[in-house]
Amino acid sequence: MAGIDLSTPMLQRARARATEEGIGNVVVEQGDAQVHPFTEGGFDVAISRGGVMFFADPVAAFGNIRRALRPGGRLAVVCPRGVGADDDFARALAPLWAAMREYGPAAEDGPGPASLADIDRIDEILTGAGFTDITTTAITVPMVFGQDAADAAEFFMAMGPMRFNLATADSAALDRVRSAVTDSLRGFEGTGAVTLRGALWLVRAIRPALVRA
């Protein structure tokens, strides 16, 4: 079993969890799944929860992951789907979305949280990367983001995509955004946790037995 991530804190947490749970057959490495030199056909399953939306070239990235799977190997990823104005994330993070649009949003068809919200785009990308038997299932799950509104706001503000899109905002503007996001999140506070319902796609695909050139 192998885990790969660009984030040092995420890798540290993964190693700690593996130790806590007594899992000894796992290797955790720092790297970029888009270009990482995985062993050809070395894995039965590839799993990602909320990371594949940020690939710069998703067809090439998924192609690299496909090559890491054995023929008949499975891909399973989770990514945000298109949501309406009443969605928890839309309501809770409205000030943050507005600020990112103001200070430098990523292109709509480029990397970002909503880059795989469209089913047709998912199918196009995975087909282009050489996968078959693609299925996309809508799921809604509770997601915890902090102990209270302030803690959750800090979490969202610290995420890489948020920092990237707010890079041109000065400290005063960032403080205003943080305060507004904290206020929005208060309505989602429970006992010791801020919980938002996540509207997601569960996407599955197969590396075909006959690998495409």
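The chain is numbered in sequence order, starting from 1. Hydrogens, waters and symmetry mates are skipped; everything else that's a heavy atom, side chains included, is used.
At a threshold of 4.5 Å between non-hydrogen side-chain atoms, the residues F38 and I4 count as touching. A heavy-atom distance below 4.5 Å is found between the side chains of M157 and L96. Under the 4.5 Å side-chain criterion, counting only non-hydrogen atoms from C-beta, W97 is in contact with R101. You'll find the side chain of R204 stays beyond 4.5 Å of the side chain of R74, heavy atoms only. For the pair I122/C79, a side-chain contact is recorded, criterion being any heavy-atom separation below 4.5 Å from C-beta on. A 4.5 Å side-chain heavy-atom check between R178 and V181 finds every atom pair outside the cut-off. The side-chain heavy atoms of D151 and V194, taken from C-beta on, include no pair separated by under 4.5 Å. Between W201 and L116, every side-chain heavy-atom pair lies at or beyond the 4.5 Å cut-off.
Ring pair F145/F155 is tilted by interplanar angle, where 30° to 60° counts as tilted.
Taking all atoms of both residues into account, the shortest heavy-atom contact from G198 to F89 is CA-CE1, 3.7 Å.
Heavy-atom neighbours of R197 CZ from other residues, nucleotides or ligands within 6.0 Å: at or below the threshold of 12. Summarising the local packing, CD of Q147 is surrounded by 12 or fewer heavy atoms from other residues, nucleotides or ligands at distances under 6.0 Å.
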Worksheet item: Please walk me through it: do R81 and T137 pass side-chain hydrogen bond (donor to acceptor under 3.5 Å, both in side chains)?
Response: CA-CA 10 Å; R81 55 187 163 94; T137 305; over 6 Å; no
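Checked against P58 for a side-chain contact (heavy atoms from CB on, under 4.5 Å), the options E124, R121, Q34 give a single hit: R121.
Q30 CD to T8 OG1: the interatomic distance, rounded to the nearest 0.5 Å, is 4.0 Å.
Contact check on R70 versus D44 returns a salt bridge, with a Lys/Arg side-chain nitrogen under 4.0 Å from an Asp/Glu carboxylate oxygen.
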